[in-house]
Amino acid sequence: MGRLAPSPTGALHLGNVRTFMAAWLQMRAVGGRVLLRIEDLDHPKHKPGADAALLDDLRWLGFDWDGPVLRQSARLPAHRAALARLPHYPCWCTRADIQGAQSAPHPGEVLRYPGTCRHRAVPPPPGRTPAWRLPLQPTDDGRFDDAFAGPQTRTADQLTGDFVIARGDEPAYVLASLLDDADSGVTDVVRGDDILPVTPAQNVLADRLGLPRPTHWHLPLLVGPDGRRLAKRHGDTRIAAYRAAGLAPAHILTALARASHWIAPDATVGSLRDILPTFDLLATPRAPLVWSDERL
Ligand code: GLU
């Protein structure tokens, strides 16, 4: 069983669509099920109405899913119950504090927490909500074999250090999405490789909670001609913009499937299902996909 897990932080764009196509095709190719989960835990970047627009764009492209649309926010009691089972300590460091303690992370990496608050009893700064971090133990590891990206050789301690599992009483993404996947029986997680550096942390949580680790497939993201992650500066790649310009869904699916080597370079498809006969996730180029609208 697989899943699509959009965050309602903005409109659906080509980068998400390529990853969702991979997740959907990978499951449908083996007759598997696909869930749709909106990752709508409170977040400052969430835009009102974004979830309805996301679903509308996904349906327009021809995605389907099994069962009702799931909402992460409906699962808060389960997240909080798991949080209570995990050791955690309060951390009052700001991002600037953590940055000041080390050199900037390399692209594709996350800021490693050096453990500053672990052994100090700092009085809480007035009015601030603590971040709760999991104290890593030497037995925690989190390394894994990514089904697409290959063996991952760095441990959670090397990548994230003691990582945040909640802010105030709001569970963090790493914990919430792990629990939601495990409780709904998701076995295969296909997602963008921007999340690769926190996957060892997620594996540590799975191990600590006695939950199965899913098989992970981390795919490279779409980038602009300048090599940076596809964003507004590269033009409007929102599905809504292509719809408004009169482009057909089949046109977008064909362009992304060709660029991903899931169909022959001169093949065209009318729907997602038409990609299935030649689909091979492992044929996807390993390098980030450089996008320009000339591909359309
Ligand atoms: N909600 C995340 C996002 O939209 C994806 C998380 C995941 O696939 O695990 O980036």
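Whatever order the structure lists them in is the order used to number ligands and atoms, beginning at 1. Note that the numbering runs from 1 along the sequence shown for the chain. Heavy atoms only: backbone and side chains are in, while hydrogens, waters and symmetry mates are out.
For CZ of R243, the number of neighbouring non-hydrogen atoms (other residues, nucleotides, ligands) closer than 6.0 Å is greater than 12. For R75, the CZ atom sits in a packed shell: over 12 heavy atoms of surrounding residues, nucleotides or ligands are nearer than 6.0 Å.
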Does ligand 1 have any N/O pairs with the protein under 3.5 Å, and how far apart?
| residue | atom | partner | partner atom | Å |
| --- | --- | --- | --- | --- |
| ligand 1 | 1 (N) | A5 | O | 2.8 |
| ligand 1 | 1 (N) | S7 | OG | 2.8 |
| ligand 1 | 1 (N) | E39 | OE1 | 2.6 |
| ligand 1 | 4 (O) | S7 | N | 3.4 |
| ligand 1 | 4 (O) | S7 | OG | 3.2 |
| ligand 1 | 8 (O) | R3 | NH1 | 2.7 |
| ligand 1 | 8 (O) | R3 | NH2 | 3.4 |
| ligand 1 | 9 (O) | R3 | NH2 | 2.7 |
| ligand 1 | 9 (O) | Y173 | OH | 2.7 |
| ligand 1 | 9 (O) | R191 | NH1 | 2.8 |

Decide yes or no on salt bridge (Lys or Arg N to Asp or Glu O under 4.0 Å) for R112 and D157, but give the supporting numbers first. CA-CA 8 Å; R112 181 184 179 277; D157 186 40; 3.1 Å; yes

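For the residue pair N16/T19, the side-chain donor-acceptor check at 3.5 Å is not satisfied. Remark: the R191 side chain and the H218 side chain contain an N/O donor-acceptor pair separated by less than 3.5 Å.
A cation-pi arrangement is absent between R213 and F144, since the terminal nitrogen or guanidinium carbon is not both under 6.0 Å from the aromatic centre and inside a 45° cone about the axis.
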